[in-house]
Amino acid sequence: MAIRQVRTIGDDILRKECKPVKEMNRRTKQLIEDMFETMYEANGVGLAAPQVGILKQIVVIDVDDGNQYVLINPEIVEQEGSRTEPEGCLSIPGKHAIVTRPAYVKVRALDEDMQEYELEGEELLARAICHECAHLRGELYVDVMEGELMDNEEEASEE
Ligand code: NI
């Protein structure tokens, strides 16, 4: 496993459309492992492949519900309601903004064995699914935010 460099806003690769994954291979399995490791290292709850410079439709999510979700070629097939809350992105470090997302989504995707499954998410999971799927289309939350980007609070320093 290896931690990969996270691309940040201004990097053109974040604005490109990702290609569907056609088959699973050792290299892609390694990429998925690295994406989880990179996400955990950065204390993120989701990461999309373009954020580590790979234009493939792969997302990893862990919102601390006891599951590690891998979404390959994901497609949101249902959504309901809305929630307006602060949102951040590992590609926009130190910032957040207010973004409205569906309160519920259902997404259809392939898992890491290329088996189709559906995942339903509410609240933070719904938000993460929408945010990460947007990355695969080259979209960032700054495209849909309400108001301005805000600075995150500094973490309290230890005395
Ligand atoms: Ni992001």
Side-chain angles (χ1 to χ4, degrees), residues 1-21 28 30-77 79 81-112 119-155:
M1 300 233 287
I3 290 171
R4 304 208 182 190
Q5 189 204 337
V6 176
R7 307 299 185 91
T8 53
I9 190 166
D11 189 322
D12 287 345
I13 205 152
L14 292 173
R15 292 313 200 164
K16 299 206 162 126
E17 188 105 10
C18 293
K19 295 207 164 67
V21 177
T28 303
Q30 184 66 56
L31 168 65
I32 291 168
E33 280 185 29
D34 290 353
M35 285 171 65
F36 273 113
E37 192 175 1
T38 303
M39 178 185 77
Y40 291 131
E41 166 75 12
N43 292 315
V45 298
L47 192 71
Q51 294 183 272
V52 292
I54 309 285
L55 289 171
K56 287 184 180 169
Q57 293 181 13
I58 303 174
V59 159
V60 300
I61 291 175
D62 186 341
V63 293
D64 216 11
D65 65 354
N67 294 297
Q68 289 186 312
Y69 300 112
V70 176
L71 302 172
I72 296 171
N73 307 344
E75 186 190 349
I76 292 173
V77 292
Q79 60 180 66
S82 70
R83 287 282 183 280
T84 300
E85 281 174 7
E87 185 169 312
C89 177
L90 296 180
S91 293
I92 309 172
K95 306 278 186 188
H96 66 281
I98 302 299
V99 181
T100 298
R101 301 281 190 190
Y104 161 89
V105 298
K106 184 194 278 185
V107 64
R108 189 174 297 147
L110 305 176
D111 66 15
E112 54 196 316
L119 172 65
E120 293 176 291
E122 296 183 347
E123 308 291 334
L124 180 58
L125 181 54
R127 179 171 296 274
I129 291 168
C130 294
H131 177 116
E132 302 310 333
C133 288
H135 273 299
L136 303 181
R137 301 187 298 268
E139 298 166 12
L140 300 173
Y141 77 76
V142 293
D143 306 336
V144 293
M145 67 183 179
E146 293 156 39
E148 298 294 311
L149 269 183
M150 293 174 276
D151 291 326
N152 294 347
E153 305 256 329
E154 295 287 325
E155 280 182 346

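Indexing begins at 1, ligand by ligand and atom by atom, following the structure's order. Treat the numbers as computed from the prediction; the structure is a model and nothing was measured.
- For the Ni ion (ligand 1), protein N/O/S neighbours under 2.8 Å (waters excluded) are Cys89 SG, His131 NE2, His135 NE2.
- One distance of note links CZ of Arg101 with NE2 of His131; it measures 6.5 Å at 0.5 Å rounding.
- Residue Glu148 qualifies as open at atom CD: its count of foreign heavy atoms under 6.0 Å is 12 or below.
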Handout entry: side chain to side chain contact (heavy atoms under 4.5 Å, CB included) between Thr100 and Glu146, worked out
Key = CA-CA 8 Å; Thr100 298; Glu146 293 156 39; 2.5 Å; yes

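- Partners of Asp143 according to the side-chain contact (heavy atoms from CB on, under 4.5 Å) rule, which considers only residues two or more places apart in sequence or in another chain, are Arg15, Glu139, Leu140.
- Every residue two or more places apart in sequence or in another chain was checked for a salt bridge (charged side-chain N to carboxylate O under 4.0 Å, His left out) with Asp64, and none qualifies.
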Review item, side-chain donor-acceptor pairs of residues 67-76, under 3.5 Å, at least two apart:
unit_1, atom_1, unit_2, atom_2, d
Asn67, ND2, Tyr69, OH, 3.1
Gln68, NE2, Tyr40, OH, 2.7
Tyr69, OH, Asp65, OD2, 2.8
Asn73, OD1, Val21, N, 2.7
Asn73, ND2, Val21, O, 3.0

